[in-house]
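FYI, side chains are in, hydrogens and waters are out, and symmetry mates aren't considered; it's all heavy atoms of this structure.
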Amino acid sequence: MFDKYLIDAATLRNTGPAEAPTGFAFEAKLGYYRGLGLSMIEKLDVSIDGEALPRDAVRFDEGEGPLSLDEMERAYDRRWPFGTPATILVDRPGGFPPGDHELALLQQLRVSYLPFPSINTDAKSVSFPG
């Protein structure tokens, strides 16, 4: 439903020292029409050019401090409100590769009244400076 709005490509940036980035980050929105508790977000898969990045390299920050995806499973007191951007942080030596690439995000959400997971995906073509 809101898939094309998940990734905000304009927020893509490297993290860590400018001369030796340790990863990258971008803002994303929830692909569901209501906010959800962070423990209900089962997957946040990030890929570049079809290559899935490791789960343990991805962290999430809705504004209350970054959490690993494993920590999110137990974050019962934190929510991701609808329409509010959160930061997706990815540990990746060298940061985001320069040039033209496709950045993709998959969200798998557990919604209490749905008998199946809500899966939302977005992919954006990005040109990252080198």
Nearest heavy atoms of W80 and A28, plus distance in Å: CZ2-O, 3.4 Å
Residues D61, R59: salt bridge by 4.0 Å N-O rule: no
Nearest-0.5 Å distance, CE of residue M40 to CZ of residue R79: 8.0 Å
Atom pair CG (L44) and CG (L53), whose distance is rounded to the nearest 0.5 Å: 12.5 Å
Candidate pair I48 and F128, rule side-chain contact (heavy atoms from CB on, under 4.5 Å), full reasoning: CA-CA 12 Å; I48 300 173; F128 201 72; over 6 Å; no
Parallel, tilted or perpendicular, as decided by the 30° and 60° cut-offs, for the rings of F96 and H101: perpendicular
Salt bridge D70-R55, side-chain N to carboxylate O under 4.0 Å: yes
Pairwise distance OG(S68) to CG(D56) - rounded to 0.5 angstrom: 9.0 Å
L89-L103 co-clustered via ILVMFWY side chain contacts under 4.5 Å: no
Considering all heavy atoms, the nearest P129-P98 contact: O-CB, 3.8 Å
Donor-acceptor under 3.5 Å (E62 side chain, R78 main chain): no
Connected via hydrophobic side-chain network under 4.5 Å: V46 and L67: yes
Side-chain (N14) to main-chain (F24) donor-acceptor, under 3.5 angstrom: no
Distance, nearest 0.5 Å, that separates CG of D8 from CG of L105: 12.0 Å
Any donor-acceptor pair under 3.5 Å from D3 side chain to N120 backbone: no
Under 3.5 Å donor-acceptor, S39 side chain and Y76 backbone: no
Shortest non-hydrogen contact from D122 toward K124: OD2-NZ, 2.5 Å
Y5 with F82, same ILVMFWY side-chain cluster at under 4.5 Å: yes
Contact check, side chains of T22 and T15, non-hydrogen atoms, under 4.5 Å: yes
G50 to S47 - nearest heavy-atom pair and separation: C-CB, 4.3 Å
T87 side chain reached by F26 side chain, heavy atoms, under 4.5 Å: no
Worked check of side-chain contact (heavy atoms from CB on, under 4.5 Å) between V126 and I7: CA-CA 11 Å; V126 296; I7 296 172; over 6 Å; no
Side chain Q107, main chain K29, donor-acceptor under 3.5 Å: yes
Trace of the side-chain contact (heavy atoms from CB on, under 4.5 Å) decision for L6 with T121: CA-CA 7 Å; L6 300 185; T121 59; 5.5 Å; no
Atom pair CD/CE of E42 and M72 - distance to nearest 0.5 Å: 10.5 Å
Hydrophobic cluster identity match, F116 and I119, side-chain contacts under 4.5 Å: no
Heavy-atom closest contact (L30 atom, G35 atom, distance): CD2-CA, 3.9 Å
